[in-house]
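Some notes on the structure that comes next.
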Amino acid sequence: MRLQMILRYFRTLLVALAALPMAALAAPSPILLSEFIDPAPPYPQAHASTIVELPDGTLAAAWFGGTGESRPDVTIWFARRGAHGWDKPVSVADGQSADGTRYPTWNPVLFQPPGGPLTLFYKVGPNPRGWWGMVKTSSDGGRHWSAAQRLPEGVLGPIKNKPVVLADGSWLSPSSREVGTPEENHWFIRMERSIDRGKTWTVEPPIASPMGIEAIQPSVLHFADGCLALIARTRQGALAMSWSHDAGKSWSPLVAADLPNPNAGTDAVTLADGRQLIVYNHSAHWPDQPGNGPRWPLNIGLSRDGVSWRNVLTWRTNRCPMAMPIRR
């Protein structure tokens, strides 16, 4: 009798263990949708995607595409996601200058301010050390665009990630600079502010970096107490952060965050429930290539305080030709 009870127990245990993989397979995926915007683009390379939700709930995206980054045929492409999927992308901005010279375009940023037109910021120029800021607007969700306007001298606009609208209605644009030569250049962050919805801009002083952290391409996060934070790409193997307690007028010196960075772009956003989310590569430098590392895996990190971060999802574990924007 005792032996039969033991055998019955083990049979029950084996059935339970056998059912575990099926239960795991039945768990819902955290990825709700994965799709190509354009499965057959007319160019071999695309980079620096940006996505935005329009007032009617439509999604719109932009990126730069062409034969290769920094080549003069690279233009800004745009698409809307309609009821039946993504519309056919169209080129909406190029680098054609008045004297006939054609430059590459770079790093589009779609921004939908409350009550205003859809705004497209982008850069034109031979390289990130010599580019300048451009802007276009659309009053019909990207179906038609205004003529391109060059931003004021010294104003580059948001370098890769979106501006934020502050409590007083002003726009705070996360910007940065790359100066020097291809062999020897320096990176630093300079925020830009507009109090009249983009008509005029003020460029703030560079954010101090006493530890020698060189950072570009910041994202701005906000907290319930009014505090702002930025998180940015660096050359030093870890993401950088800075904090502001006066609506972005001044910023604390750059410090290393507790997330690695292989010298690759990120995007971050404050969620509706107050948590901070970042899309990033959880990797650092190659052992034999200081300053550069693999741009994979592709991860999502979460934080409640902007200080302690945890990786909650590894979306891609191998090298893949893709860019991941975040919607605000």
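Quick caveat: nothing in here was measured; it's all calculated off a predicted structure. Side chains are part of it too, since the values below use all heavy atoms of this structure and drop only hydrogens, waters and symmetry mates.
Taking CD1 from I189 and CD from Q217, the interatomic distance works out to 10.0 Å, rounded to the nearest 0.5 Å. In this structure, CD1 in I159 is found 5.0 Å from CH2 in W131, a value given to the nearest 0.5 Å. Between the OG atom in S139 and the NE2 atom in H144 there is a gap of 9.0 Å [rounded to 0.5 Å]. Separation of atoms OG (S219) and CG (L221) is listed at 6.5 Å; rounding is to 0.5 Å. To the nearest 0.5 angstrom, I207 atom CD1 is 4.5 Å from S242 atom OG. A distance of 9.5 Å separates NZ of K136 from CD1 of I76, quoted to the nearest 0.5 Å.
Annotation: I195, atom CD1; neighbour count of heavy atoms from other residues, nucleotides and ligands within 6.0 Å does not exceed 12. Around CD of Q289, the count of heavy atoms belonging to other residues, nucleotides or ligands within 6.0 Å exceeds 12.
In this structure, W286 and P294 have side chains that are in contact, with non-hydrogen atoms separated by less than 4.5 Å. Contact annotation: the side chain of R275 never approaches that of T270 to less than 4.5 Å [non-hydrogen atoms, C-beta and beyond]. T266 is not listed as a side-chain neighbour of K160, based on a closest heavy-atom distance of 4.5 Å or more. By the 4.5 Å heavy-atom criterion applied to side chains, L172 and L228 are counted as neighbours. The side-chain heavy atoms of L230 and L254, taken from C-beta on, include a pair separated by under 4.5 Å. Looking at heavy atoms from C-beta onward, V165 lies in side-chain contact with F111 at the 4.5 angstrom threshold. Side-chain contact check for W201 versus S173: some heavy-atom pair is nearer than 4.5 Å. Taking the side chain as every heavy atom from C-beta outward, P158 and N161 never approach each other to under 4.5 Å.
Side chain of R233 to main chain of A238: no donor-acceptor pair is present (N/O by atom type, distance under 3.5 Å, no hydrogens or angles). In this structure, the side chain of T75 does not engage the main chain of S91 through any donor-acceptor pair within 3.5 Å. Side-chain atoms of R80 come within 3.5 Å of backbone atoms of G141 as a donor-acceptor pair (strictly under, hydrogens ignored). In terms of modelled atom types and a separation under 3.5 Å, the side chain of Q112 and the main chain of G116 share a donor-acceptor contact. A donor-acceptor distance shorter than 3.5 angstrom exists from the side chain of H285 to the backbone of G237, with no hydrogens or angles considered. Under a 3.5 Å cut-off, the side chain of S175 and the backbone N or O of G157 do form a donor-acceptor pair.
N185 and R129 form no side-chain donor-acceptor contact under 3.5 Å, judged by distance and modelled atom types alone.
By the criterion of side-chain heavy atoms lying less than 4.5 angstrom apart, applied directly or through intervening Ile, Leu, Val, Met, Phe, Trp or Tyr residues, V179 is not grouped with I216; the two fall into different hydrophobic clusters. L118 and L120 end up in the same hydrophobic cluster when Ile, Leu, Val, Met, Phe, Trp and Tyr side chains are linked at under 4.5 Å. Hydrophobic cluster membership differs between L151 and V124, with clusters built from Ile, Leu, Val, Met, Phe, Trp and Tyr side chains linked at under 4.5 angstrom. No single ILVMFWY cluster, assembled from side-chain heavy atoms under 4.5 Å apart, contains both L156 and F188. A continuous path of hydrophobic side-chain contacts links I37 to W77 [ILVMFWY only; heavy atoms under 4.5 Å].
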Side-chain donor-acceptor pairs under 3.5 Å in residues 58-69, sequence neighbours left out?
{"unit_1": "T58", "atom_1": "OG1", "unit_2": "D56", "atom_2": "OD1", "d": "3.0"}
{"unit_1": "T58", "atom_1": "OG1", "unit_2": "D56", "atom_2": "OD2", "d": "3.3"}
{"unit_1": "W63", "atom_1": "NE1", "unit_2": "Y43", "atom_2": "OH", "d": "2.6"}
{"unit_1": "T67", "atom_1": "OG1", "unit_2": "D73", "atom_2": "OD1", "d": "2.7"}
{"unit_1": "T67", "atom_1": "OG1", "unit_2": "D73", "atom_2": "OD2", "d": "3.3"}

Throw together a table of side-chain donor-acceptor distances under 3.5 angstrom for residues 83-90, partners on residues two or more places apart or in other chains.
{"unit_1": "W86", "atom_1": "NE1", "unit_2": "E35", "atom_2": "OE2", "d": "2.9"}

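Scanning all heavy atoms of the two residues, the minimum distance from K249 to R193 falls at N-NH2, 3.2 Å. For the residue pair I213 and A256, the shortest heavy atom distance occurs at CD1-N, 3.7 Å. For G95 against T105, the heavy-atom pair with the smallest separation is N-CG2, 3.6 Å. For the pair W187 and T234, the tightest heavy-atom approach, listed with the atom from each and the gap, is CZ3-C, 4.1 Å. Taking each heavy atom of M191 and W251 in turn, the nearest pair found is CG-NE1, 3.7 Å. Closest of all the heavy-atom pairs between A232 and L239 is O-CD2, 3.3 Å.
Salt bridge annotation for R235-E214: present, with a cationic side-chain nitrogen under 4.0 angstrom from a carboxylate oxygen. R177 and E192 are joined by a salt bridge, as a carboxylate oxygen and a charged side-chain nitrogen come within less than 4.0 angstrom of each other.
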Going through the checks in order, is the side chain to side chain contact (heavy atoms under 4.5 Å, CB included) test met by Q276 and L271? CA-CA 6 Å; Q276 314 299 333; L271 301 177; over 6 Å; no
CA sep, side-chain torsions, deciding dist, call: V52, L54, side chain to side chain contact (heavy atoms under 4.5 Å, CB included): CA-CA 6 Å; V52 71; L54 304 179; 4.0 Å; yes
Let me see the working for S283 and N281 under side-chain hydrogen bond (donor to acceptor under 3.5 Å, both in side chains), right down to the final yes or no. CA-CA 6 Å; S283 58; N281 302 114; 5.6 Å; no
Step by step, would you call Y122 with V109 a side chain to side chain contact (heavy atoms under 4.5 Å, CB included)? CA-CA 6 Å; Y122 61 103; V109 178; over 6 Å; no
Criterion side chain to side chain contact (heavy atoms under 4.5 Å, CB included) on N107 and F121, from CA distance to verdict: CA-CA 8 Å; N107 293 15; F121 295 98; over 6 Å; no
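Among P206, P174, S176, P218, the one residue that satisfies the side-chain contact (heavy atoms from CB on, under 4.5 Å) test with R190 is P206.
Taking the ring centroids of W132 and Y103, they lie under the 6.0 Å cut-off. Aromatic ring centres of W309 and Y280 lie farther apart than the 6.0 Å criterion allows.
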